Enquirer: 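Quick one: the structure is below, and I'll ask about it shortly.
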Amino acid sequence: MDQIQLLELKVKELSSLLDAFKELNTNIELNEVFNNILMQTVKVLQAEAGTLWVADYELEEITASAAIGTTKETILNIKLKINEGIVGKVISSGEPYFIENVSEDPSWAKRVDETSGFITKSMITVPLVANQKVLGALQLLNKKGDVFFTDVDVNLALALANQSALALQNSQIYNELYTMFMSVITTLAKVLDARDPYTAGHSERVARYAELTARRLGFQSKECSDLYTAALMHDIGKIGVSDDILRKPTRLTQEEYSLMKQHTVIGADILSNLEPKSTMKNAVEIARYHHERIDGSGYPDGLEGDEIPIYARIVGVVDAFDAMTTIRSYSNGKSFEEAAEELIRCKHTLFDDHVVDAFTSLLKEANYKTENLGKVR
Ligand SMILES: [Fe+2]
């Protein structure tokens, strides 16, 4: 198996895992889950306040991820060191901590009370454990009325903490998987680009231009980042085009050109086998249609105007721009300004008006300099 096949396999594995986890995370914002769990717990245990702490072992700190009570806003800004106070003790030991009179307990991290101005009298702190790993802690402060928490309250808090731990674990696994998925996709794009010395960095630049253009066109930020991922893979079908064609230093013959055109169909075919289907839908369309042109002169299907999906129209424009501005063995490459003029000249005929307007306005504001592009919005 060569490097590309290995990476392809890895993408496939990761993407199906991602799909499975997406089910658990769709429609539910983690913070909302935390807030709900905390709110229920505080209500059931009749606590005056509650905080849900999440441990970050890499940064060696504990962050308040949800809080309920009068000093909520202050608490949410507090970060503790990994071993600090009672929360730190509970997280490092994995054991619940229950005290009637907090003011007499040496483990209490005084600065929390000092910062928040909240007077803590009694407290339950239980660990959030999933698969024997302590992910954080749930802390309940002051039983309402002139009573203290009981053992029954501690057990109840433990049971509710388990629910939080599961939600937290799912979201952390999902994030890790997503990071891995993105790095494999990025590597795959790099490996692809490296096959042709003249296209090094092409996929990444196209993805970046596409994301910026979509943002300028008013797409939501999630849509823009999904477009980035999908656009990274727009030329993935070049896996199926032989090196002699891909690396040919002179212009392609008619026959070679028609083989090269196949990369759109091959790419769409590869990507349509991947999960999650919802993410892949755009990637498939971009791979297949990024060489379609508004007047129907493109390939592979000769689609016209709005028949070409919007994301493919965006990638079509920025891909052409990158090709024009990249030095090839047979051409020196245009300047950003010249290439922008060319895009404008081909509005209506080859390229989508709005997309060209959005992208060329970005380029103009960036003074036609690549290093300024990230700064314009
Ligand atoms: Fe292409």
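All figures in this text were calculated on a predicted structure; none of them were measured in a lab. Values below: every heavy atom of this structure, side chains too, minus hydrogens, waters and symmetry copies. Whatever order the structure lists them in is the order used to number ligands and atoms, beginning at 1.
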Enquirer: Do L80 and E61 come within less than 4.5 Å of each other through their side chains, counting heavy atoms only?
Expert: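 Of all side-chain heavy-atom pairs linking E61 with L80, none is under 4.5 Å.
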Enquirer: Mind checking whether L188 and L246 sit in one hydrophobic cluster, side chains of I, L, V, M, F, W, Y counted as touching below 4.5 Å?
Expert: no
Enquirer: Heavy-atom count around E60 CD within 6.0 Å, excluding the residue itself: above 12?
Expert: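 Not buried by this count: 12 neighbours or fewer within 6.0 Å.
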Enquirer: If you stand at the Fe ion (ligand 1) and look out to NE2 of H263 and NE2 of H290, what angle do those two lines make, to 10°?
Expert: 100°
Enquirer: Within less than 2.8 Å of the Fe ion (ligand 1), any N, O or S from H291?
Expert: yes
Enquirer: Is D235 close enough to the Fe ion (ligand 1) that one of its N, O or S atoms comes in under 2.8 Å?
Expert: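 Yes, within the cut-off.
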Enquirer: Taking all non-hydrogen atoms of both residues, which atom of F351 and which atom of A320 are closest, and how far apart?
Expert: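 It is CZ-CB, 3.6 Å.
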